[in-house]
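Structure first, then comments.
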Amino acid sequence: MENALNSAARGEHLFFEKATPPKTVVIDFSSPNVAKPMHVGHIRSTILGDCLARLLRLLGHRVVTDNHIGDWGTQFGMLLVGWKRELEVVALETDAIGEMERLYKKLSAECKENPATLEAARQELVKLQGGDEENLHIWHEMIRLSQAQFDTIYGRLGVKFDHTLGESFYNPRLQPLVEELIAKGLARESEGALVIFFDDIPALKEHPALIRKSDGGFNYTTTDLATLAHRLETWQPDEIIYVTDGRQQLHFQQIFAAFRAWQSAIGNRQSAIPKLAHVWFGSILGEDGKPFKTRSGETVKLADLLDEAESRAFDVVKTKQLERLESERLPENLWPEIARVVGLGAVKYADLLPNRQSDYVFSWDKMLALSGNTAPYLQYAYARIKSIFRKAEGTSNIQHSTFNIQLAAREEIALAKHLLTFGLTLEAIAEDHRPNFLCNYLYEVAGKFTSFYENCPVLKSEGATRESRLVLCDLTARVLKQGLEILGIEVLEQM
RNA sequence: GCAUCCGUAGCUCAAUUGGAUAGAGCUUCUGACUUCGGAUCAGAAGGUUGUAGGUUCGAGUCCUACCGGAUGCGCCA
């Protein structure tokens, strides 16, 4: 055990190893819609997917993140009518998403009441699909404005994508795909639509997949299959992970079953078929146990949610700072940054802590609590360790390249043992796609550290004991920081 | 009706995938050298794991039935 700690202290590893051989993994997550505000419905997919991407990259895998945005569909007919008739240019400049949302709501209501408007929307959609220059221009503009919104939010969340290939990207591939599926005998006509049946799969016997509607149009199953084909050709992945809510389970069962049938139809060997995983999650509920909404019943916009997280965290920071002696307060100009890191960390942690498959109740008070299994508690544990090193500066020999860890106290041994299992925890998460394992692991690290901290003086001890304990502190800080980084959560030197 | 998931302490959740006395937090109660940062720690209280069977040396975990809940179920995504 001491050998492992010493080699980690020398920077040779951090209790985990790179995967051999590395796999290529495509991760599909977030997937917001063009011309609509991102809302709480996108948060779990975004945070979970980003976390899995960070973890798999750290373990040495080749990860491809692809944001499959909703940039195509019947809603654009209505949006185009609205844009041409009612666009308020000033509103578009100040709040593009808000203005597009207004247009959509207004036209959507009008279409229900007025057949002429509905017909106009249909015609605009047909023109767009036919390549009409003006409509294409407007459509591109809507995507550009939406992407700016996505980028702002992803920037705040620290989320990055390698690719953003929306639904429209696959339009040219839909017709050939359907033709291939017919040629291979996988799809046949039924009640005017083109359908894939799964007679040999009991669970799907009653649930065939529609890949072409009776009006000749394609739907999202068609697009998802085309997307799958493109990903296979482009990246040759070993695994593709879809991060969506649990309501889409049946859809993905169909996609996966169609994929298997297709692979066997083209004679692909079993071992060469990529693994497909639907990493699904439950809903976020309000305190009343119903889907999380604002007081007025609107969906909660993600931008507002993040603003509120920071502002609530600021109140906490301010309260805590004012409780301290003036000499021990941090400069006031640092408070907003502390609030930002604590607030966003709290939201992410609250989302990753519960088993992803269960619904959870969104509670500001719980996620921002300073005690219990929360992000601020972990960030605090980290800041305390950093404080030790600020005080130790100049009096420590910790930069030596040889270390001699000596574990004596019960608390030292418990902490050290737990650090050694970091790698096992990471592998379990990579296998089952369950970041809550990491949350619990880190909470235990922090708990064992504070227990050690209470019982084993570091700076007040001397000689080899002091050096050894400093190394243990340093390793704990590194594991905490690395673990939180996988969760997409930042740490602070002081808070 | 069928499918998927769930039911664990008053509340919110865990349980390393079938292992030893089911663990945390919140809440309540009791303590901690004028603190290496008290945004902390130690302790107490709190359980027939929805019910009834079954498999197993061993079940919160697997199987069956029932009770209760969430979600989904051909032309939205």
Side-chain angles (χ1 to χ4, degrees), chain A residues 31 33 68 70 72-75 167 190-197 202-221 223-224 244-251 253-254 278 280-283 285 289-291 316-317 319-321 323-324 328 330 342 350 353-355 357-361 363 365-366 368-374 376-377 379-381 383-392 411 421 424-425 427-429 431-432 434 436-437 439-441 443-444 446-447 449-461 466 469-470 473 494-495:
Chain A
S31 313
N33 292 313
H68 192 71
W72 199 249
T74 50
Q75 73 272 27
E167 292 165 357
S190 164
E191 298 171 35
L194 192 65
V195 176
I196 303 178
F197 287 94
L204 295 180
K205 205 167 163 47
E206 306 292 320
H207 300 288
L210 261 76
I211 57 168
R212 192 179 63 206
K213 301 187 281 184
S214 49
D215 68 1
F218 302 116
N219 60 13
Y220 75 134
T221 301
T223 309
D224 274 1
T244 81
D245 72 86
R247 287 176 299 194
Q248 296 187 44
Q249 285 178 87
L250 180 58
H251 169 67
Q253 278 183 38
Q254 292 175 336
H278 182 211
W280 61 270
F281 51 85
S283 315
L285 307 176
K290 294 178 184 162
V316 175
V317 170
T319 306
K320 283 294 165 189
Q321 290 295 328
E323 279 174 8
R324 291 180 189 177
E328 289 174 0
L330 298 171
V342 169
L353 177 63
N355 181 327
Q357 290 177 330
S358 50
D359 298 345
Y360 79 93
V361 175
S363 163
D365 291 340
K366 278 184 186 160
L368 283 167
L370 306 167
S371 55
N373 195 351
T374 65
Y377 175 82
Q379 289 166 325
Y380 179 67
R384 282 170 113 188
I385 300 176
K386 288 294 153 179
S387 171
I388 293 176
F389 283 98
R390 275 192 300 277
K391 292 205 167 129
E411 291 83 0
T421 62
L424 284 177
T425 305
E427 281 163 27
I429 302 160
E431 186 65 29
D432 290 348
R434 294 189 185 277
N436 61 309
F437 292 168
C439 297
N440 289 322
Y441 171 82
Y443 181 62
E444 284 167 10
F449 172 76
T450 44
S451 182
F452 156 80
Y453 181 88
E454 296 283 330
N455 293 288
C456 306
V458 178
L459 297 176
K460 284 175 185 163
S461 59
R466 187 174 189 273
R469 286 180 176 172
L470 277 168
C473 285
Q494 299 180 75
M495 62 188 282

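In what follows, chains are A, B, ... by sequence order, proteins preceding strands, each numbered from 1.
For A:K366, taking side-chain heavy atoms from C-beta onward, the closest of the listed nucleotides B:rC75, B:rU12, B:rC36 is B:rU12. You'll find that the side chain of A:E191 is closest to B:rG74, out of B:rC5, B:rU71, B:rG74. The listed nucleotides are B:rC5, B:rG25, B:rU17; the one nearest the side chain of A:Q357 is B:rC5. Listed nucleotides B:rA77, B:rC36, B:rG74 differ in distance to A:V458; the shortest reach to its side chain belongs to B:rC36. Out of B:rG74, B:rA39, B:rA42, the shortest distance to the side chain of A:F197 is found at B:rG74. Looking at the side chain of A:S358, the nearest of the listed nucleotides B:rC73, B:rC5, B:rA14 is B:rA14.
A:A428 comes within 4.0 angstrom of nothing in the nucleic acid, heavy atoms only. Contact annotation for A:C456: base contact, defined as any heavy-atom pair under 4.0 Å involving a base atom.
Using P as the reference atom, B:rA70 and B:rC62 are 23 Å apart when rounded to the nearest Å.
In terms of phosphate contacts, A:Y443 brings no side-chain nitrogen or oxygen within less than 4.0 Å of OP1 or OP2 of B:rG23.
Both geometric conditions, a ring-centre gap below 5.5 Å and a plane tilt below 30°, are not fulfilled together for A:Y380 over the base of B:rU40.
Shown here, B:rG72 forms a base pair with B:rC2; the pair counts as Watson-Crick or G-U wobble because both key distances fall under 3.5 Å.
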